[in-house]
2 protein chains.
Amino acid sequence: MILIVDDEPHVRRLLAAILSRGGYDVAEACDARSAMPLVARAEAVLLDLGLPDRDGMELLSDIRRVSAAPVLVVSAREAAAEKVAALDLGADDYVTKPFDGDELLARLRAALRRRGAEPARAVTAGDVVIDTERRSVTKAGAEVHLTRKEYGLLAMLAAHPGRIVTHAQLLTVIWGPAHVADIAYLRVAARALRVKLEDDPARPVLIRNEPGIGYRLVV
Amino acid sequence: MILIVDDEPHVRRLLAAILSRGGYDVAEACDARSAMPLVARAEAVLLDLGLPDRDGMELLSDIRRVSAAPVLVVSAREAAAEKVAALDLGADDYVTKPFDGDELLARLRAALRRRGAEPARAVTAGDVVIDTERRSVTKAGAEVHLTRKEYGLLAMLAAHPGRIVTHAQLLTVIWGPAHVADIAYLRVAARALRVKLEDDPARPVLIRNEPGIGYRLVV
DNA sequence: CACCCGCGTAAAAATGTCGTAAAGTTCATT
DNA sequence: AATGAACTTTACGACATTTTTACGCGGGTG
């Protein structure tokens, strides 16, 4: 949820329209008093400095005290001193009116990306852990060395845990579009993976075959 | 150290003056080729998009690939589409010329503040300590002398401890984009590092090779 | 029942990558 | 001009990986 703090209704409407076009949920506040209760739940704040009940700078440092969410100041004041003050008080960006909607969204995305930045997650299948961020695979805690093709295959399967990945998908991505038909490659690589990861390679539990379609990693 | 990338000498001088007034160390580069080797050591980058040898956007994404340091784009182009593109490629801010020195400094401070004041001073791997702040490397307490390329390689690996750094990343940053294919350089430098840092250079523990991909520093 | 298909398995052949040494080159310093 | 350090370039053997080929099994089909 993105919080808009501005006293002019038409600016709020404009900002709200831009944000919802960008796919965000929006909350609005017209002054400092009504804004503070919403700050805690906001993923980011768009803040106008010219508020009726309170100086915007004070509100900014109050927000910073409560929340680490990005704050983008949206203001009509262009003076560099204003910008410097706001930025040093903890604002993440300072946009002057009139502003471009797409630019505002891009600046918001940039601010959120910096805060968030946690896309990497490890996939677990049985006692096997696949960490695509570090490109490491462990079985029962012990690191397992995989070749490029082996890892490529496992990573593709881990990208869609529990779902079938077709022969064609695997081959085009790992071996390139020219080898869509070389299913033999796939079988050799799958075998190598099973030997390294399965307790009983002859009776695979993790890397299952779906006859005529592809493979799947069970989780 | 803050890196300035701009082809116009007078702009570089201006930026350098502003930065040193703000108390920062400065390094300058006039094109993409000379910039890449400096990126690894930069705490932040001021980047002009209009470079002679390469599209600024490309350089931006290359920088993002090897470094998490803040990038502030400083450009004469005011089009919103430019800003959106740069911000979505990983730029932290976009400042249009002509710019105000104090505002630029404030934006730089904001960007550096967000990056979490201090990003890992010294990296330890076994009995080897890499202090990128002082550019010093010690093994079992004793200082080890490294050449520029050796240190560059080690610093790149230490910037992402435990993770694989690809051949291409290492080569573009240390030797420049023109040598992405000269993997032989890499092997020679890796060998030299191993001789100086590993207990048994023939059986490396610290500087591991990931066949066909790159190298990694184990911690 | 004999056949075919897709699969797993094995192993040989081809290719690619790495480590290593050493010779040649550049460059700053003296 | 001589020196030495750092860097570039080349060559080759050892080893790892990938590709290619061959064969046996088992389940469904005619």
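As the structure is a prediction and not an experimental result, all values here were calculated from the model. Lettering follows sequence order; numbering is per chain, from 1.
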Query raised in the report: Considering only heavy atoms from C-beta outward, does the side chain of B:Ser75 approach that of B:Lys97 to under 4.5 Å?
Result: no
**Report entry** N/O (side chain, B:His167) to phosphate O (OP1/OP2, C:dC18) under 4.0 Å
**Finding:** yes
Report summary line: Closest non-hydrogen contact found for B:Val219 with B:Pro161 is CG1-CB, 3.8 Å
Report task. Taking only the side-chain nitrogens and oxygens of B:Arg194, find out if one of them lies under 4.0 Å from OP1 or OP2 of C:dG19. Result -> yes
Query raised in the report: Can we say B:Asp199 and B:Lys139 salt-bridge, meaning some charged N sits less than 4.0 Å from an Asp/Glu carboxylate O?
Result: yes
Requested in this report: Tell me what A:Ala202 touches on the nucleic acid: a base, only sugar-phosphate, or nothing, going by heavy atoms under 4.0 Å.
Outcome: sugar-phosphate
Requested in this report: Please state how far atom CD1 in B:Ile174 lies from atom C1' in D:dA6, giving the value in whole angstrom units.
Outcome: 15 Å
**Report entry** Ring-face cation of A:Arg208 near A:Tyr215 (centre distance under 6.0 Å, axis angle within 45°)
**Finding:** no
Report task. Nearest whole angstrom, please: distance from the P of D:dA16 to the CD of A:Glu150. Result -> 13 Å
Query - Check ion pair A:Asp131-B:Arg163 (N to O, under 4.0 angstrom) - result: no
Report task. May I ask you to verify if any side-chain N or O of B:Thr147 is less than 4.0 angstrom from the OP1 or OP2 atom of D:dA5? Result -> no
Report task. Could you tell me whether B:His145 contacts a base, only the sugar-phosphate backbone, or nothing, with contacts defined as non-hydrogen atoms closer than 4.0 Å? Result -> sugar-phosphate
Query raised in the report: Want to settle it: does B:Ala184 or A:Trp175 sit nearer the 5' end of DNA chain D, counting the closest nucleotide to each?
Result: B:Ala184
Query raised in the report: Within 45° of the six-membered ring axis of A:Tyr151 and under 6.0 Å from that ring's centre, is NZ or CZ of A:Arg135 located there?
Result: yes
Query raised in the report: Under 4.5 Å between any side-chain heavy atoms of B:Val74 and B:Val11, yes or no?
Result: no
Query raised in the report: Below 4.0 angstrom from OP1 or OP2 of D:dC7, is there any side-chain N or O of B:Arg148?
Result: yes
Report task. Let me know the distance between CG of B:Leu153 and P of D:dT8, rounded to the nearest Å. Result -> 13 Å
Query raised in the report: So, B:Ser61 side chain and B:Glu58 main chain: donor-acceptor pair closer than 3.5 Å or not?
Result: yes
Query - Atom-pair distance (OH on A:Tyr185; P on C:dC7), nearest Å - result: 17 Å
Query - Under 4.0 Å protein heavy-atom contact, by nucleotide of nucleotides 21-28 of chain C - B base, S sugar-phosphate only - result: S-------
Requested in this report: Calculate the interatomic distance between A:Asp182 atom CG and D:dT21 atom C1'; express it in whole Å.
Outcome: 13 Å
Query raised in the report: Roughly how many Å is it from CD1 in B:Ile207 to P in C:dG19, rounded to a whole number?
Result: 10 Å
Query raised in the report: Within a radius of less than 6.0 Å around CZ of B:Arg148, do more than 12 heavy atoms belonging to other residues, nucleotides or ligands occur?
Result: no
Requested in this report: Give the rounded distance in Å between these two atoms: CZ of A:Arg187 and C1' of D:dT21.
Outcome: 13 Å
Requested in this report: Give me the residues of residues 209-219 of chain B where at least one heavy atom lies under 4.0 Å from an atom of DNA chain C, by number, or none.
Outcome: B:Asn209, B:Pro211, B:Gly212, B:Tyr215
Query - Distance, rounded to the nearest Å, where B:Leu186 contributes CG and C:dT17 contributes P - result: 13 Å
**Report entry** Ion pair A:Asp92/A:Arg107, N-O distance below 4.0 Å
**Finding:** no
